[in-house]
Visitor: 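Have a look at this one.
A, B, ... follow the sequence lines: proteins, then strands. Residue 1 opens every chain. Quick note: numbers below take in every heavy atom, side chains included, and nothing from hydrogens, waters or symmetry partners.
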2 protein chains.
Amino acid sequence: MKLKDAIRTIPDFPKPGIMYRDITTLLTNRRALTEAIIQLSAPYKNKDVDSVAGIEARGFTFGTAVAYELGSGFVPIRKKGKLPFKTYEQDYTLEYGTDTIEIHADSLRKGENVLIVDDLIATGGTAEAAVKLLRKTGANIIGAAFVIDLPELGGTEKLMRMGIPVTTLVKFEGH
Amino acid sequence: MKLKDAIRTIPDFPKPGIMYRDITTLLTNRRALTEAIIQLSAPYKNKDVDSVAGIEARGFTFGTAVAYELGSGFVPIRKKGKLPFKTYEQDYTLEYGTDTIEIHADSLRKGENVLIVDDLIATGGTAEAAVKLLRKTGANIIGAAFVIDLPELGGTEKLMRMGIPVTTLVKFEGH
């Protein structure tokens, strides 16, 4: 099946001119979900992935299933104030203002192999913050896997300039 | 392995007298995560589960992996305002004030079998709201599976009084 066909596009959401790529229709489609997890995991099957890191909240969905498929652990990266133990944090810039993500300081060991998984990469601002955050733990980031790439927004290139190999399943032109 | 040993307890979080059960240490532990997904899924292997419904945000982790293991779809139940398409919504009462959860109105077909998955059941307030929300779709709720049960808080009994079979993996006494 074509994964792209399982993704719904909602024009002018959340504001005029934006073509919103709605991943929930892929999650809800059992064949598409199974296929997406297999394809996301495949490039990392023999890479000795100790942990998958996923970003709240949509990254928790694909991330944990990929962790299960790879037999690795899952490390949640959350919005500030949600994690109950000692954390590292990383600020990043949004279109309006800034936000902060956190990770438990003891969730990754120095040198262990971690794979970033998220549903979509656009400008790469959140993914860049996740890379900086993960580097504070001393873990070895072996790559980043996304279901959807919006290549015109440059996020994939931004990560590759940071030395992070990137794999994506589906590309959409435009914003 | 004993799943219970993989869960960290943080005393007096988020306020004095509360023993917070931190599931992130189970997620991060690759053996514990694999075992938890297998155990959560096992009672539903032959129950023809069409979709797993998970509640934002921690329910997205276990929920999607269980969906993948069962070969079913995953339906996200989100906080109000996060889903981009037509939704049903359900209010529920918190300790202070109220909150609202939503589901895409077209995410489940009438009569299809849906399984609720979440990390923890305490008083069952959120789970009760999820049941009411799912019933608006016309889907058939075949059960609810949780990693952690706090039986003294009565959530499991509350769901069973609503006609929902409940399975849990680990029990902790007290709050």
Visitor: Looking at every non-hydrogen atom in both residues, tell me the closest pair between B/F62 and A/T64 and how far apart they are.
Guide: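 Looking at all heavy atoms of both residues, the closest pair is N-CG2, 4.5 Å.
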
Visitor: State plainly whether one hydrophobic cluster holds both A/V114 and A/M160, where clusters connect Ile, Leu, Val, Met, Phe, Trp and Tyr through side-chain heavy atoms under 4.5 angstrom apart.
Guide: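 In one cluster: yes.
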
Visitor: Within a strict 4.5 Å, meaning less than it, do heavy atoms of the B/Y68 and A/T61 side chains meet?
Guide: no

Visitor: Go through B/P84, B/S107, B/A65 and name the one with the most non-hydrogen pairs under 4.5 angstrom from chain A.
Guide: B/P84

Visitor: If two hydrophobic side chains count as joined below 4.5 Å and joins carry through other members, does B/L169 share a cluster with B/V52?
Guide: yes

Visitor: For the residue pair B/V75 and A/L27, establish whether any side-chain heavy-atom pair is separated by less than 4.5 Å.
Guide: no

Visitor: Is A/R78 in contact with chain B via its backbone, its side chain, both, or neither, using a 4.5 Å heavy-atom distance?
Guide: side chain

Visitor: If we only count heavy atoms from C-beta on, is the A/L108 to B/T28 side-chain gap below 4.5 Å?
Guide: no

Visitor: I'd like to know whether CG of A/D12 has more than 12 heavy-atom contacts from other residues, nucleotides or ligands below 6.0 angstrom.
Guide: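 Yes, enclosed.
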
Visitor: Tell me, for B/V49 versus chain A, whether the close heavy atoms (under 4.5 Å) come from the side chain, the backbone, both or neither.
Guide: backbone

Visitor: Find out if a path of hydrophobic residues (ILVMFWY) with successive side-chain heavy-atom gaps under 4.5 Å connects A/L94 to A/I101.
Guide: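 Cluster IDs for A/L94 and A/I101 match.
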
Visitor: Find out if a path of hydrophobic residues (ILVMFWY) with successive side-chain heavy-atom gaps under 4.5 Å connects A/M162 to A/L134.
Guide: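 Hydrophobic grouping puts A/M162 with A/L134.
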
Visitor: Could you tell me which non-hydrogen atom of B/S72 sits nearest to which non-hydrogen atom of A/R30, and how far apart they are?
Guide: C-CB, 3.5 Å

Visitor: Which heavy-atom pair separates A/H104 from B/D22 by the least distance, and what is that distance?
Guide: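 Answer, listing the atom of A/H104 first, then B/D22: CE1-OD2, 3.5 Å.
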
Visitor: Please find the pair of heavy atoms, one from B/I10 and one from A/F85, that lie closest to each other, and give the distance.
Guide: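 In terms of heavy atoms, the two residues are closest at CD1-CD1, 3.8 Å.
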
Visitor: Taking atom CZ as the centre, does A/R135 end up with more than 12 heavy-atom neighbours from other residues, nucleotides or ligands that are less than 6.0 angstrom away?
Guide: yes

Visitor: Please state whether the side chain, the backbone, both or neither of A/D50 comes within less than 4.5 Å of a heavy atom of chain B.
Guide: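 Both the backbone and the side chain of A/D50 come within 4.5 Å of chain B.
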
Visitor: With a 4.5 angstrom heavy-atom cut-off, which part of B/R8 approaches chain A: side chain, backbone, both or neither?
Guide: side chain

Visitor: For residues A/V166 and A/Y44: do they belong to one hydrophobic cluster (side chain heavy atoms under 4.5 Å, members Ile, Leu, Val, Met, Phe, Trp, Tyr)?
Guide: no

Visitor: With a 4.5 Å cut-off on heavy-atom pairs, point out which of B/A36, B/G71, B/S51, B/A32 contacts chain A the most.
Guide: B/G71

Visitor: Please determine, among A/I37, A/V66, A/T34, A/L83, the option with the most heavy-atom pairs under 4.5 Å with chain B.
Guide: A/I37

